[in-house]
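It should be emphasised that the depicted structure is a prediction, and the values quoted were computed from it without experimental measurement.
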Amino acid sequence: MTRLYATLRRDHGTLGWWPGKTRFEVIVGAILTQNTTWRNVERAILRLRENGWLRPAAMARASEEQLAEAIRPSGYYRQKARKLRALLDYLQTRAGGRLDRLARATTEALRAELLEIWGIGPETADSILLYAFGRPVFVVDAYTHRVLERHALHPGGGYEDVRRFLEANLPSDAELYNDFHAQLVWVGHRYCGTKPRCVGCPLEALLPAGGPRAARKGSVV
C-alpha cells in the first residue's frame, strides 16, 4: 500500500485536499459534492458566499427554499438543501451552533453522530472528519475501490471493509490519508476510469502479472 502512495507522490508531488476557507465551508462542500463534480460545487459555494450564508448562524436564517435555489448548480439541490438543514439542526442541538464544541468529541463518537444525520453516509461523514476536523479516517470512494481492485489489493466487501483495511495497513496520520486519497482521485480520474488506461500510468509497473485484475463480481468499480 505504501508503495502505491510513494509511487504516486514521487510522480507528481503532494496534492493535498480539501479546498475550503473555513471548517464549515469544508463541511458544506462535503455534502454538496455528492453525485456531482467539484466544479459544480464551487459554483454553489460561491453563491452561498455571495449571500453571506457560509457561517452556521447565517445559513440557519435562510429558508430551505432559499438554500435550494442558491445551491442549484450542485444538482439534487432540493435534497441537498434538506441535508444542509438537517446538519444545521444537529449542530444547533448538539453544540449550540458551534463547531469548536464538536471538535472536542472523540473520532468514534463524532462519526457515529454524523452518521445519524439525514443524508450523511459513510463517505461524507469521513470526509468531514478528515478534512474539517483533521481526524485520521481514510475516505473511500469509487476511485479507491477501482485502483485497489485492479492492483489485486482490494480486501473484498464494502465501504467499511476497505476503510478498515487501509487504516490497518497505513500509519494513523491525517495528513497522509488526506494526500493519499487525493492521489487516488488524481490517478483514477486520469487513468483508472471505467476502462483503464494503464500505459503511461504512474502505477503501471505495480500492476499484477497479466495486467489490471478484473473486478470482482459485485464490487464497486
Residue pair Trp186, His12: steps toward the ring-ring contact (aromatic ring centres under 6.0 Å, His included) verdict: CA-CA 10 Å; Trp186 182 91; His12 51 271; 3.7 Å; yes

Stepwise side chain to side chain contact (heavy atoms under 4.5 Å, CB included) test for Leu114 and Asp126: CA-CA 9 Å; Leu114 290 172; Asp126 291 341; over 6 Å; no

Criterion salt bridge (charged side-chain N to carboxylate O under 4.0 Å, His left out) on Glu64 and Arg78, from CA distance to verdict: CA-CA 8 Å; Glu64 195 169 309; Arg78 296 191 189 280; over 6 Å; no

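Here the CG-CG distance, from Leu84 to Leu48, works out to 7.5 Å after rounding to the nearest 0.5 Å. Rounded to the nearest 0.5 Å, atoms CG (Leu129) and CD1 (Ile27) are 9.5 Å apart. Rounded to the nearest 0.5 Å, atoms CG (Leu176) and NE2 (His181) are 13.0 Å apart.
Using cut-offs of 30° and 60° on the angle between ring planes, the pair Tyr5 and Phe180 is tilted. Using bins of under 30°, 30° to 60° and over 60° for the plane-to-plane angle, the ring pair Tyr131/Trp18 lands in the tilted bin.
Side-chain contact, Ser172 with Glu167: no donor N or O sits under 3.5 Å from an acceptor N or O.
Note that Arg72 lies in the cation-pi zone of Tyr77, set by a 6.0 Å cut-off to the ring centre and a 45° limit from the axis.
Using a 4.5 Å heavy-atom cutoff, the side chains of Cys192 and Arg150 are in contact.
Residue Arg164 places its CZ atom among more than 12 non-hydrogen atoms of other residues, nucleotides or ligands, all under 6.0 Å distant.
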